[in-house]
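To start, the structure itself, in structure tokens.
Below, chain A is the first sequence line, B the second, and so on; all start at residue 1.
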Amino acid sequence: MLFNSVSYLVFLALAVAGYWLLPPRWRVYLTLAASLLFYALWRFEFVLLISFSAFVDYSFSLKIHSEKRPIWRRGWLICSLSINLGLLAYFKYTHFLLDNVSTLGAMLGRDWVLHVGKIILPIGISFYTFLSISYTLDVYRRLFVPVRNFWTYLTYVMFWPHMIAGPILRAHELLPQLTGHGKFDAERFADGLRKIIFGLFLKVVLADQLAPFVDDAFLVAPAQLGALDVWTMAFGFGLQIYFDFCGYSMIAIGSARLLGIELPENFNWPYLATSPRDFWQRWHITLSSWIRDYLYLPLCGVPFQDRSRGGLEVNVVRPSSARSSIALLITWFLMGLWHGAAWRFALWGVWHACFIWLYRLVSPRLSVLPSRVQTFGGWVVTLAVSMLAWIPFRAATLHDSLALMGRVFDVHAYHSMGFRENFYLIVAVIFCGMLAIHFIAKYGANVRPMLLRHAVETTALALVISSVYIFLRPIGQFIYFQF
Amino acid sequence: MTGFIRVAVAMTIALVALHIYNLASLDPERFGVDATVTLSRESWNGRLYTASNIEWIKSLVSDYREHPTRAQGSCKPFTILWLGNSQLHFVNQAKVGDHVSPYWLRNSLDCPATTVPLGVSLPNANLQEHYVLEEYVTARVPVDLIFIAICFDKLRNDGLRAEFASVLDQPDRANLSKNAIGREMLLLAAKDWKEAYEEEENTGLNGFAQKYIEDRLDARLVRLSPLWAARSNLRSLVLVDLYHLRNAILGIRGTTVRKVIPVRRQRNMQALEALLNNAQARNIRVVVYIQPIRQDIPIPYDRAEYEAWKRDLAVMVPQHGATLLNLESLVPGSEWGVFDSTVGVDFMHFRNQGHKLVAEALVPYVRATQKVTRYPRTARKDTP
């Protein structure tokens, strides 16, 4: 089901009303039923597939928990991971692998072309896989006692606000809330409503309206574009994907909050980050935290954390060591491929890895600079690098990505501009507007008298509601649905 | 509870504001056009021969295809395809008896009953659209002469508007695909057309079982709530207000100099070249004319770019056996109208006398072509 639709709002209203009207012990079952319906309104057959996969994980995690012999525990873990990653590999990477095999064959003069027909990628499979893996690994690490009730486990993995595109939660963060008997809290409820309204605003008013400009821009052949065009495309898509995904996360968090369930924030003004480390503590925080605990820190040989907050806020003991650098590269390479089955996504990951590595190398030498210079310079560089990274993320092919990025580094390409002025203007206005909103939100909380502040906030909310009312249409899916 | 109250108050304010905002309405046909200009649709004996939107163009072409003009005495049928933009179909400060250029042209000729100037114009038409319209019309109606009104400002426009999706049959697309610019145009257009389709449908839900419910809910809401039904009007109002806000803040007026966009210029000029190639291959004479532009005020073009473009045309057009006319100074300042005070002076639409002057300038080319036209004439063989 898409969040940016009237049918979702009706579904949400019915689910929330039913949830609070039912006796607490039945709520988890209503949540499960609503979650299954939510997913089935995309495609029913995949509900069965995911339920089957969940049953396997549930059974294996009980085995892992009850098994005393380490080798058997590891065996059950490997089985569980293989099934999860196998499903992901089949649905998401089969075509990618076969394409590469056929390309390799062509390079060697062999005909290795294989066809497997059309494979429909189940929406949310990448997120679902992360949830399942973290559950099984947490049980294996003895951080968590597996639930005995399969329906409760199924509710955890299929909980509709986070199932398709996160936020990615650990079992110990969500399960107690799902099975607990929370009390209705009017303030929290109102806050949930506000989150949904602002989330819809980001999606339908900003992301969906920016999308046609960005889509048109990426259709133009790279050779016809100037460097400023590429920068505008990078910023345009950077803003679009931020509003799209942040909007999605806000609706997810707001929807859960209407049920009295707290999900962690996924974004915290990422384009104000002053370093790569800071960026990954602000962008897709729950994914960064997952990667930190289940991939990066284990690869570094450093004790992992156990929470879906904080992002990549890690201090590896010897960040410049070879092991740490290799771990960094592998982590980001896989993170890139997780986002999409194409080499351009791997390029996106490696680009970030290189930037983080460079930052680690350079940052100790920059400490002599005044802190304001460090902050401002850090912001400008981080912004430029993270925005430019969106080029391979959005371009049609790896070849196009490299050609577009090449334009940025061509001094002569700064003389021409290939788009109508509106595109530059819209991107600039939205970017500056975003910065202005941040500072208003930051310093507006101190405004006295309270009546004035409340009047301004209510008027702003009314404006946002009006805009959502006008623009609410399911004309585009969320970008992260394709991952 | 204060949070709840605030959300409720905000929702109430929003609903009231939307109701008030919706009191205004917008006519998309007249967007950016001042009340002083009037659309003139020309007819001969009750039969229309000018059209200024895709639906009218389709019906015009269908009419002349099914009921071709017959010879009358010594007057042989002769068809002119006249491609243009809003200048061709609007009369500024129109009075009774005023008409557009195709009318004055037809009435200046010796055989007006059998000489049909098919005035095919779209507001802000670019050369890519001219190219597609030329393909479309010549595939269906035998054309003897083509007039192409070109305007430097329209080089900034790109692609084919969504309505073109209904114009192009498979053979038209196949013809366009024969050259690089045609393929590029179709590729870009496919996406634009998809977006236009999405405007109307909940197509983000294609492939979702949810679409069935969403479509019905949407339809039910449209029936139940006039404000919900008015959302399309509200969206247009918002976008138009943003447009005016941008113009007000940046001081943009009709006379503000606009730079050419190289990629678009290139695509439009390639489309013109493809159009001329086609006509040459089909032995149809073409007269390309640079549209009149108001000369008593500074023109809103970058002079250097404009002159370079005219030089390019002077080289390109004759290379394809076509004639280039520069009519930029043809219409004196007194024959241009005024425009909305928020936008500025109108440098695009002239009065009745301007239309007469353009027609007079083109009459010799019709006469010269009529002399050499051989009969019988047929439409192209690839007609769908």
Which region of [X], side chain (C-beta onward) or backbone (N, CA, C, O), has a non-hydrogen atom less than 4.5 Å from a non-hydrogen atom of chain A, or is it both or neither?
X	result
Leu227(B)	both
Val260(B)	neither
Arg216(B)	neither
Arg220(B)	neither
Arg265(B)	neither
Leu234(B)	both

Determine yes or no for a side-chain-to-main-chain donor-acceptor pair under 3.5 angstrom, with [X] supplying the side chain and [Y] the backbone.
X	Y	value
Asp302(B)	Val257(B)	no
Gln87(B)	Met348(B)	yes
Asp229(A)	Gly418(A)	yes
Gln209(A)	Val204(A)	yes

Ring centroid separation Tyr301(B) to Trp309(B) under 6.0 Å: no
Aromatic ring proximity, centroids under 6.0 angstrom, Phe4(B) and Phe189(A): yes
What part of [X] is in contact with chain B, defined as an atom under 4.5 angstrom from a non-hydrogen atom: side chain, backbone, both or neither?
X	answer
Asn422(A)	side chain
Val220(A)	side chain
Leu472(A)	both
Val464(A)	neither
Ile470(A)	both

Lys/Arg cation over aromatic Phe201(A): Lys203(A), 6.0 Å, 45° cone: no
Glu307(B) with Lys310(B): basic N within carboxylate O range, under 4.0 Å: yes
Charged N-O contact under 4.0 Å between Asp191(A) and Lys195(A): no
Leading residue by heavy atom contact count with chain B [cutoff under 4.5 Å; candidates Met417(A), Arg420(A), Glu421(A), Gln224(A)]: Arg420(A)
Pair Gln291(B), Asn85(B): side-chain N/O donor-acceptor within cut-off below 3.5 Å: yes
Heavy-atom neighbours of Phe44(A) CZ exceed 12 at 6.0 Å: no
Atom NE2 of His415(A) with >12 non-hydrogen neighbours under 6.0 angstrom: yes
Residues of residues 454-462 of chain A contacting chain B, heavy-atom criterion under 4.5 Å, by residue number: His454(A), Glu457(A), Thr458(A), Leu461(A), Ala462(A)
